[in-house]
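Counting from 1, the numbers follow the sequence of the chain as shown. What you see is a predicted model; the values in this text were computed from it and never measured.
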Amino acid sequence: MRETVHQAGRATAQLMRGAALALVSYLYIALLLFTAVATVLVVGAAVLPETVLLLRRMAGFKRREVGAWSGKPVPEAYVPLTGELSERVRAATRDPSTYRDLRWLFAHFGYGLVLAYVSLIVWSVGLFVDGVWCGLLKRPAVVLPLLSRLADLDASWSTALLTPSPEARRSAELAERVEELTVTRAGAVAAHGAELRRIERDLHDGAQARLVALSMRVGLAKRAYDKDPDAARKLLDDAQNQAEEALTELRHVVRGIHPPILTDRGLVGAVRALAASSGLDVAVDADGVEGEGLPRAPAAVEAAAYFVIAEALTNAAKHSGSQRARVELIRTAGRLRIVVRDEGQGGAETPAAAPGGGMGSGGMGGSGLLGMRRRAAALDGTMEVSSPVGGPTVIEVELPCAW
């Protein structure tokens, strides 16, 4: 009997919370009417998105209640209400889930209260009937278990009304995709701007400074040529050294834009060259990515993969404390998968944890990870980082690739 009463109490609490929400929905209906009139009169259009957000919170509360009772979560699919006021109003009125939630609201206002009233009647009858039938005659309860069935009925009706339609899911997925692409575009623009500033800084501080010094030495050599040929010859030797250093600086800048080795040797050859010059013992596994009869990846994909691997190996050499690393290039249908692993101390900070810079506590640095993630996102790729404290650090990048 005690277990029966306990279960009946849980069911009743569930029904009473539903009844309370139904009473709140009565107040919401009044707010909805006010919002409709204000929106028609234009002066209150700003209230509409907030009213829809309140409706979503109420529906979300009911979804959580139903999920807690039934053990099965109720999905939701909403178009984000962001942007200018006109965009928010348009999204709120065109979202199919808005009308689905309104249908649930009006229906729940009826069945939520009715089920609560019925539960009170069941209690009044059940305490007497089951008290005698179960408490004195030691038979299974027959009335109070109906409360659990009422709660199940409330959960099933709410699930049917609140589960988003395929159209609503498609709209929500499309809106989420647009928002994701907006963020990706912003990241790509920021990365492009940073890259241009880096190139300008490298040219100004490196090649340009050396070319200015070269021009000055040539001018001094011309003036000293007739009076002091030995001094002029020394100045010309210095000028030649300056020219060679300027060429080296320009090659460095060009490699930062698009490494010539990618054009000459392909992605696999360029990655093997990176591995040889990284200062680590790097094993490269790239079987089946390039070779006779296999088309190369597009230039943008090769460049992104090259820079991701270069950044990962550089950070591993600087921060991981490991002497070994491994790079895997995997060719799949429509994708290029890159895996970089080091056996270092781990603990790399993710871009979310360190968006503004600062290196991670081990493994690969936060700012480097952010740049790598932006490079992948600019091509609609993905990046996953696993770096528990103690290692290993594993970076997996997937890039869409039309082979």
Are the side chain of Thr332 and the backbone of Arg335 linked by a donor-acceptor contact shorter than 3.5 Å? yes
Please report the interatomic distance CD(Glu84) to CZ(Arg88), rounded to the nearest 0.5 Å. 9.5 Å
Please round to the nearest 0.5 Å and tell me the distance separating atom CD of Glu311 and atom CD1 of Ile395. 9.0 Å
Over all heavy atoms of both residues, which pair between Val301 and Pro400 is shortest? Give the atoms and the distance, please. CG2-O, 3.6 Å
Nearest heavy-atom pair of Ala316 and Leu280: which atoms, and what distance? CB-CD1, 4.0 Å
CG (Leu33) and OH (Tyr28) are apart, to the nearest 0.5 Å, by 10.5 Å
Using a 3.5 Å distance criterion without hydrogens, assess whether the side chain of Ser215 forms a donor-acceptor pair with backbone atoms of Leu211. no
With sequence neighbours left out, the residues meeting side chain to side chain donor-acceptor pair (under 3.5 Å) with Ser278 are none
Suppose we screen for side chain to side chain donor-acceptor pair (under 3.5 Å). Which residues come up paired with Trp123, at least two apart in sequence or across chains? Thr12
Tell me whether Gln345 contacts the main-chain N or O of His319 through its side chain, where contact means a donor paired with an acceptor under 3.5 Å. yes
Indicate yes or no for a side-chain donor-acceptor contact from Arg331 to the backbone of Leu336 under 3.5 Å, with no hydrogens or angles considered. no
For residues 108-120, which side-chain donor-acceptor pairs fall under 3.5 Å, sequence neighbours excluded?
unit_1, atom_1, unit_2, atom_2, d
Tyr111, OH, Ser158, OG, 2.7
Ser119, OG, Ala116, O, 2.5

Under the side-chain contact (heavy atoms from CB on, under 4.5 Å) test, which residues partner Arg324, sequence neighbours left out? Asp281, Ser322
Quick one: does any side-chain atom of Ser156 pair with a main-chain N or O of Leu153 as donor and acceptor, under 3.5 Å? yes
Got a second to check how far Leu32's CG is from Leu48's CG, nearest 0.5 Å? 9.0 Å
Are any non-hydrogen side-chain atoms of Glu76 and Pro164 less than 4.5 angstrom apart? no
For residues Arg57 and Lys62, determine if any side-chain heavy atom of one lies less than 4.5 Å from a side-chain heavy atom of the other. no
Between Gln14 and Val66, which heavy-atom pair has the shortest distance, and what is it? NE2-N, 4.1 Å
For Glu396, check salt bridge (Lys or Arg N to Asp or Glu O under 4.0 Å) against everything at least two apart and list the hits. Arg337
Can you name the closest pair of heavy atoms from Leu161 and Ala107 and give their distance? CD1-CB, 3.7 Å
Under 3.5 Å donor-acceptor, Thr93 side chain and Arg90 backbone: yes
Taking Thr98 for its side chain and Ala92 for its backbone only, find out whether a donor-acceptor pair lies under 3.5 Å. yes
Listed by chain and number, what are the salt bridge (Lys or Arg N to Asp or Glu O under 4.0 Å) partners of Asp152, not counting sequence neighbours? none
Can you name the closest pair of heavy atoms from Ala232 and Ala221 and give their distance? CB-O, 3.6 Å
Would you check if Ser386 and Pro388 make a side-chain contact, meaning some heavy-atom pair closer than 4.5 Å? yes
Run the side-chain contact (heavy atoms from CB on, under 4.5 Å) test against Ala270 and tell me which residues pass, sequence neighbours left out. Ile261, Leu262, Tyr306
Measure across Arg17 and Glu65 and return the closest heavy-atom pair with its distance rounded to 0.1 Å. NE-OE1, 2.6 Å
Sidechain-backbone polar pair: Ser124 side chain, Ile121 backbone, donor-acceptor under 3.5 Å: yes
Hits for side chain to side chain donor-acceptor pair (under 3.5 Å) against Arg56, two or more places apart or cross-chain, chain-then-number order -> Asp95
Got a sec, which residues hit salt bridge (Lys or Arg N to Asp or Glu O under 4.0 Å) with Asp230, two or more places apart in sequence or on another chain? Arg233
For Glu343, the salt bridge (Lys or Arg N to Asp or Glu O under 4.0 Å) test, sequence neighbours excluded, returns Arg341
Kindly write out the residues that satisfy side-chain contact (heavy atoms from CB on, under 4.5 Å) with Arg10, not counting sequence neighbours, or none if the list is empty. His6, Gln7, Trp69
What residues form a side-chain contact (heavy atoms from CB on, under 4.5 Å) with Leu85, not counting sequence neighbours? Ala46, Pro49, Val89
Are any side-chain N or O atoms of Arg326 and backbone N or O atoms of Val340, one a donor and one an acceptor, separated by less than 3.5 Å? no
Can you tell me if Thr35 uses its side chain to pair, donor with acceptor, with the backbone of Val47 under 3.5 Å? no
